Structure formats: structure tokens, C-alpha cells
Amino acid sequence: LFLKASILSVRKAFGMGIDINIIYHGTEDTAFLAWLMHQHVIIHNHEPKWLPIIEKLRLRGNQEASHLYSHQGNYIGTWQRIDIPLFIDA
């Protein structure tokens, strides 16, 4: 929800004249991926090498302490924000 709001905000402020890049892991949410493509977002597929380690941490997490522990995608997304893949030249 926040990502969509951010993208729509950029498009409202700058139109299609600015590139929006995101790091994304997964292929199952086809409706969201289609929405991103419709917004002309550049999607960088990211297959984190640390995924099995992070999944072990998530499974040990206290779901009452944070909603992130209840869904693998949300938890991975939190870590992915700080894992900038080497193929992105910033």
C-alpha cells in the first residue's frame, strides 16, 4: 500500500518523465506486478542469497511483537530495503 502511494505521488509530481526503480522478490503477485508495469516502474528482480537465514529468523520471531513475522513477504521486504544488489549502479 505504501509503495503504491509512493509511486502515485512521484507520478503526480513528475509524470512519466522520471524513472522509478524498485527491488522486488517474487513472481506470484501478478496483479501487483501488472500494476507496476502499467506505471512504467523498472523492476529489478532480486533473489537474495541470505533468504534461508532470514526465514529461520522469521520463524523464530514473536508474531505478537510484530506483524512482520506472520508473513514471509513482508519480512523479506524489510531486509531487502537494506540489501542493495550489486547489479544496480547508483
Side-chain angles (χ1 to χ4, degrees):
L1 184 61
F2 291 120
L3 179 58
K4 280 187 172 183
S6 297
I7 291 168
L8 291 174
S9 177
V10 169
R11 289 294 177 236
K12 184 177 179 181
F14 301 102
M16 295 300 210
I18 190 169
D19 288 342
I20 300 174
N21 292 268
I22 67 161
I23 299 168
Y24 192 81
H25 171 76
T27 58
E28 293 179 16
D29 194 346
T30 56
F32 181 60
L33 290 169
W35 184 88
L36 290 170
M37 287 186 257
H38 180 73
Q39 296 297 323
H40 301 281
V41 172
I42 300 166
I43 303 167
H44 299 275
N45 185 40
H46 184 218
E47 299 293 333
K49 294 177 182 176
W50 42 257
L51 188 59
I53 297 165
I54 295 302
E55 179 61 5
K56 288 178 187 176
L57 291 174
R58 183 187 74 85
L59 293 173
R60 287 189 223 137
N62 180 355
Q63 291 186 17
E64 293 179 16
S66 174
H67 68 284
L68 295 175
Y69 293 117
S70 64
H71 187 269
Q72 184 185 43
N74 292 343
Y75 194 69
I76 292 168
T78 300
W79 286 92
Q80 200 161 274
R81 288 181 187 101
I82 60 172
D83 184 36
I84 307 299
L86 296 176
F87 62 79
I88 296 180
D89 183 18

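What you see is a predicted model, and the numbers here were worked out from it, not measured in a lab.
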Please give me the minimum heavy-atom distance between [X] and [Y], naming the atom from each residue.
X: Pro48; Y: His25; result: CD-ND1, 3.6 Å
X: Gln63; Y: Ser70; result: OE1-CB, 3.8 Å
X: His40; Y: Met16; result: CD2-CE, 3.0 Å
X: Asn62; Y: Tyr69; result: O-CD1, 3.1 Å
X: Tyr24; Y: Asp29; result: OH-CB, 3.7 Å
X: Leu57; Y: Trp79; result: CD1-CZ2, 4.3 Å

- Do the side chains of Glu55 and Ile76 get nearer than 4.5 Å, heavy atoms only?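 Sidechains of Glu55 and Ile76: no contact.
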Between [X] (side chain only) and [Y] (backbone N and O only), is there a donor and an acceptor less than 3.5 Å apart?
X: Thr78; Y: Asn74; value: yes
X: Ser6; Y: Phe2; value: yes
X: Arg58; Y: Tyr75; value: no

How many angstroms lie between atom [atom1] of [X] and atom [atom2] of [Y], to the nearest 0.5 angstrom?
X: His67; Y: Glu64; atom1: NE2; atom2: CD; answer: 15.0 Å
X: Gln72; Y: Ile54; atom1: CD; atom2: CD1; answer: 11.0 Å
X: Ile23; Y: Asn45; atom1: CD1; atom2: CG; answer: 11.0 Å
X: His46; Y: Ile22; atom1: NE2; atom2: CD1; answer: 12.5 Å
X: Leu36; Y: Lys4; atom1: CG; atom2: NZ; answer: 8.0 Å

- Message: Under a plain distance cut-off of 3.5 Å, with no hydrogens placed, do His44 and Asn21 share a side-chain donor-acceptor pair?
- Response: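 There is such a pair (donor and acceptor under 3.5 Å, judged by atom type) between the side chains of Asn21 and His44.
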- With respect to Val41, which candidate in Ile7, Leu3, Asp19, Leu33 satisfies the side-chain contact (heavy atoms from CB on, under 4.5 Å) definition?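 Looking at Ile7, Leu3, Asp19, Leu33, the match for Val41 under the side-chain contact (heavy atoms from CB on, under 4.5 Å) is Ile7.
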- Query: If two hydrophobic side chains count as joined below 4.5 Å and joins carry through other members, does Trp35 share a cluster with Ile18?
  - Reply: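 Result: yes, single cluster for both.
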- Message: Are there over 12 heavy-atom neighbours, none belonging to Glu47, within less than 6.0 Å of that residue's CD?
- Response: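 Yes, enclosed.
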- Message: Take a 6.0 Å sphere around CZ of Phe32 and say whether it holds more than 12 heavy atoms from other residues, nucleotides or ligands.
- Response: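 It does: Phe32 CZ has more than 12 such atoms within range.
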